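To start, the structure under review is shown below, and the notes come after it.
Just so it is clear: chains get the letters A, B, ... in the order the sequence lines come, proteins before strands, and each one is counted from 1. From a predicted model like this one, the values you see are computed outputs, not experimental measurements.
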Amino acid sequence: MNQLCLYLLNQCKTLRTVDHIHACLLKTGLFSDPFIFGKLLHHCSVTISDSLDYATRLFLHYPNPNVFMYNTLIRGFSESPRPQNSITTFIEMRRESSFSSVAPDSFTFAFLLKAAANYGSLMTGMQLHCQALLHGLDGHLFVGTTLISMYGECGRVDFSMKVFDEMLEPNVIAWNAAVTACFRGGDLESSERLFESMPFKDSTSWNLMLAGYAKAGEMEMVRKVFSEMEVKDDVSWSSMITALTQNGCFDEVFSVFMDLQRLGLRPNEVSLTGVLSACAQAGAFEFGRVVHGFVEKSGFSWIISVNNTLIDMYSKCGNVAMARLVLETMPAMKNIVSWTSMIAGLAMHGHGEEVIQLLHEMEESGIKPDRITFVPVLYACSHAGLIEQGHECFSKMKNVYNIEPAIEHYGCMVDLYGRAGDLRKAYEFICQMPVPPNDIIWRTLLGACSIHGNVELAEQVKEKLSELCLTDSGDYVLLSNVYAVAGKWNNVETVRRSMTNQRIKKTPGWSMIEVDKIMYRFVAGEKQNNITKEAYDKLREIMLKLKVEGGYVPEVVGSVLHDVEDEEKEDSVTKHSEKLAVAFGMARLCKGRVIRIVKNLRICRDCHTVMKLISKVYQSEIVVRDRSRFHSFKDGSCSCRDYW
DNA sequence: GTAGGGTTAG
């Protein structure tokens with residue numbers, strides 16, 4: 001019976017099934033067996049994600065827990081969003097120890113120090129160091145190694161090194177911890193020096209060099225380490241994929257992923273998460289779908305992070321329906337990231353009402369939204385023009401959930417009022433914020449001025465931005481748009497000249513489109529090749545048809561291009577990268593297929609009009625993901641209802 | 001029966 005229960009417990013992947021085992025244990029009386037109970041507790045606090053509350057309740061019902069049980073719970077908390085609970089449990093344990101014989105051991109300190117590292121509390125870490133000393137455990141190899149990591153995480157690499165230097169016989173794991181601590185402190189040279197002087201290196205040593213370089217953005221070194229590695233384990237592959245994803249090298253992510261499969265290796269969940277994240281960022285819908293197929297076939301549907309990234313991938317590739325399907329059918333337990341990803345997806349697509357609805361569903365499911373959740377919630381309200389609801393959510397965040405608004409939340413509120421045209425309220429809101437406004441806040445207001453054509457306020461705001469010395473090329477573009485809309489061409493010219501004088505270059509706009517699982521990238525004004533020629537030819541044909549059949553008139557004013565001469569304006573607008581990408585899609589994709597474009601900047605008004613017309617004249621659906629949100633064009637109108 | 005160093009999602 002014992003063996004059977006343990007076997008069944010090990011098969012449990014979700015809390016639901018654990019519940020059955022729990023019931024079974026109670027029935028058979030095995031629940032009070034310390035060994036069995038310990039296993040159950042371990043399963044809930046360590047093996048299955050998001051079941052710590054359950055573990056805590058189990059623990060509270062158990063009389064006289066032993067060290068193993070305390071350690072298990074402390075470990076569970078150490079990896080949770082509230083690692084402080086590990087310390088509370090330890091305090092409880094010490095209190096109990098005056099009645100029973102439960103005393104902390106090296107495991108206890110390893111987990112506690114990990115908790116301190118995870119919430120970055122140097123003070124707690126040092127106190128634990130002292131406690132370990134009192135119990136004579138500070139010289140323990142494992143405790144020492146965790147101390148090195150803890151001090152590294154808490155920003156005291158010098159302490160890490162001190163612990164390391166005093167170690168009698170550091171093994172490779174301790175060496176690795178020291179290398180990592182140096183990377184954490186941003187000291188690449190020390191990391192390299194330690195790495196070179198290691199008496200023995202294992203694959204982890206190599207893997208952490210790779211990750212360290214990746215975090216520092218040293219991609220050349222990342223590639224060098226990866227190619228020099230003699231043994232590549234699955235962490236090496238997933239670290240490489242993650243490194244490339246985090247540094248925006250999406251083409252390489254796809255090719256490394258294919259290399260991995262070509263070698264007959266099985267990708268792990270981290271690699272899958274990485275590839276899916278790359279698909280999400282690059283907008284590679286077809287490739288993402290193939291990876292999704294692999295996930296289902298290979299039994300990765302149980303992994304929360306994979307499901308969450310699938311939600312993000314489908315949303316960012318323009319398919320919210322699929323994202324929803326993943327959310328609704330995922331076999332893994334939904335966590336806060338799952339809900340927030342979906343909310344963010346809906347928000348990007350301008351589905352404000354559905355965001356509010358989903359927030360309620362989330363709350364009903366017992367998962368509390370956090371500060372990150374509220375960013376897309378408020379964003380959705382501002383972009384869908386839901387002023388009242390936005391206001392309510394903002395209050396709810398503060399009053400119900402006790403979340404202190406961060407600058408991002410304030411930014412959304414400024415956008416909420418500004419976008420709706422209440423510029424005065426937006427400005428007043430900024431003035432009464434308890435935190436000083438940053439460049440993003442002012443830029444948001446400048447954007448609102450540009451939408452609503454308020455020249456005076458725009459000038460004031462631009463002044464604020466200049467005071468902060470944080471102007472970017474986009475600000476000049478916004479300001480000149482305001483002047484252009486107001487017909488103040490002299491001012492447009494002044495802005496244009498000050499840009500040239502200060503050598504401020506406009507960020508080049510690019511757009512990507514996926515055809516047969518290959519991503520093509522278009523940049524306005526780039527030199528021609530076969531691909532761009534094909535796009536230009538098709539574009540000319542499309543524009544002609546739009547003028548004749550759609551009554552298209554180029555809209556150059558709202559999307560002013562102050563770095564070109566007047567007569568070139570129409571021509572330049574025509575060449576915007578999103579138009580090229582759409583044209584390429586029209587030329588290459590079969591009729592009836594959705595054309596999906598990803599763009600690095602915000603779509604301009606003229607392109608927006610053109611997309612609407614194409615969707616009507618050619619009866620094709622176009623989905624454009626711009627820097628901020630999605631636009632779905634169908635039958636001549638856009639999902640953003642021209643509110644963006 | 002737990003460990004220490006390396007890769008993941010909003």
Side-chain angles (χ1 to χ4, degrees), chain A residues 6 10 34-43 45-47 49 66-76 78 105-111 113-114 117 140-150 152 164 170-181 183 201-212 214-215 233-243 245-246 267-277 280 300 303-313 315-316 332 334-345 347 369-377:
Chain A
L6 288 179
N10 278 330
F35 185 81
I36 300 271
F37 179 79
K39 278 287 189 190
L40 179 64
L41 192 66
H42 184 259
H43 209 73
S45 37
V46 180
T47 316
S49 45
N66 61 24
V67 205
F68 174 75
M69 296 168 194
Y70 272 110
N71 289 348
T72 302
L73 197 64
I74 289 175
R75 178 184 175 185
S78 74
D105 58 14
S106 61
F107 290 90
T108 321
F109 282 105
F111 299 140
L113 288 164
K114 182 93 178 206
H140 192 283
L141 182 61
F142 284 22
V143 176
T145 309
T146 332
L147 279 169
I148 295 174
S149 310
M150 181 276 294
F164 179 66
N171 61 4
V172 63
I173 298 176
W175 276 90
N176 288 343
V179 172
T180 308
F183 271 126
K201 299 182 181 88
D202 65 5
S203 66
T204 299
S205 319
W206 287 91
N207 293 342
L208 57 89
M209 290 308 285
L210 195 155
K215 293 223 172 72
D233 61 15
D234 70 328
V235 177
S236 316
W237 287 95
S238 42
S239 300
M240 186 60 184
I241 288 173
T242 305
T245 302
Q246 286 170 342
N268 65 8
E269 75 254 35
V270 180
S271 295
L272 289 170
T273 308
V275 178
L276 286 170
S277 170
F300 284 99
I303 312 286
I304 289 199
S305 61
V306 172
N307 281 287
N308 294 347
T309 318
L310 278 170
I311 294 172
D312 189 44
M313 185 274 288
S315 300
K316 293 210 171 110
K334 293 187 245 308
N335 67 9
I336 189 162
V337 181
S338 328
W339 289 100
T340 307
S341 304
M342 192 62 240
I343 287 176
D370 66 4
R371 59 178 63 240
I372 304 175
T373 315
F374 276 104
V375 175
V377 167

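Not a single donor-acceptor pair, N or O on each side, falls under 3.5 Å between the base of B/dG10 and the side chain of A/N335. Counting atom types as modelled, A/T146 pairs no side-chain N or O with a base atom of B/dG4 as donor and acceptor under 3.5 Å. Not a single donor-acceptor contact under 3.5 angstrom links the side-chain atoms of A/S341 to the base of B/dA9. The base of B/dT8 sits within donor-acceptor range of the side chain of A/S305, with an N or O pair under 3.5 Å. Remark: the A/S239 side chain and the B/dT7 base include no donor-acceptor N/O pair separated by less than 3.5 Å.
Note on A/S338: nothing from the nucleic acid sits closer than 4.0 angstrom, heavy atoms only. If you check every strand for non-hydrogen atoms under 4.0 Å, A/L141 touches a base. Among the protein residues, A/K334 comes within range of no part of the nucleic acid, since none of its heavy atoms lies under 4.0 Å from any strand. At a threshold of 4.0 angstrom between heavy atoms, the contacts of A/D233 include nucleobase atoms, whether or not backbone atoms are also involved. No engagement by A/N307 is indicated, since no non-hydrogen atom pair under 4.0 Å with the nucleic acid exists.
In the model, A/S338 has a side-chain atom that pairs as donor or acceptor with a side-chain atom of A/N335 under 3.5 Å. Remark: the A/N308 side chain and the A/S305 side chain contain no N/O donor-acceptor pair separated by less than 3.5 Å. Side-chain contact, A/D202 with A/S205: a donor N or O sits under 3.5 Å from an acceptor N or O.
The CD1 atom of A/I303 sits 15 Å away from the P atom of B/dA9 (whole-angstrom rounding). One atom, CZ of A/F300, and another, P of B/dT7, lie 19 Å apart when rounded to the nearest Å. Computed from coordinates, the A/K114 NZ to B/dT2 C1' distance equals 13 Å when rounded to whole Å. Note: CG (A/D234) to P (B/dT8) measures 13 Å, nearest angstrom. Distance CZ (A/F183) to P (B/dG5): 17 Å, rounded to an integer number of Å. A straight line from CH2 of A/W339 to C1' of B/dA9 spans 17 Å, rounded to a whole angstrom. For the pair A/W237 CH2 and B/dT8 P, the interatomic distance rounds to 18 Å; values are reported in whole Å. A/N176 places its CG atom 18 Å from the P atom of B/dA3, with the value rounded to the nearest Å.
Of the candidate nucleotides B/dT7, B/dT2, B/dG10, B/dG10 has the atom lying nearest to any side-chain atom of A/T373. For A/V337, taking side-chain heavy atoms from C-beta onward, the closest of the listed nucleotides B/dT7, B/dA9, B/dA3 is B/dA9. Across B/dA3, B/dG5, B/dG10, the shortest atom-to-atom separation from the side chain of A/F142 is found for B/dA3. The side chain of A/D105 sits closest to B/dT2 out of B/dT7, B/dA9, B/dT2. Checked against B/dG1, B/dT2, B/dG10, the side chain of A/F107 finds its nearest nucleotide in B/dT2. Closest to the A/D312 side chain, of the nucleotides B/dG5, B/dT8, B/dG10, is B/dG10. Closest contact between the side chain of A/D202 and the listed nucleotides B/dA3, B/dG5, B/dT7 involves B/dG5. Residue A/N71 places its side chain closer to B/dT2 than to any other of B/dT2, B/dG5, B/dT7. Looking at the side chain of A/L208, the nearest of the listed nucleotides B/dG4, B/dG5, B/dT2 is B/dG5. Checked against B/dT7, B/dG5, B/dT2, the side chain of A/A177 finds its nearest nucleotide in B/dG5.
The ring-ring contact (aromatic ring centres under 6.0 Å, His included) test applied to A/W339 returns no partner, not counting sequence neighbours. Looking at residues two or more places apart in sequence or on another chain, you find no side-chain hydrogen bond (donor to acceptor under 3.5 Å, both in side chains) involving A/T204.
Between A/Q246 and B/dT8 there is a side-chain N or O to OP1 or OP2 distance below 4.0 Å.
Nearest approach of A/T373 to A/I343, heavy atoms of both residues: CG2-CD1, 3.9 Å.
At distances below 3.5 Å, not a single donor-acceptor pair connects side-chain atoms of A/S277 with backbone N or O atoms of A/T273.
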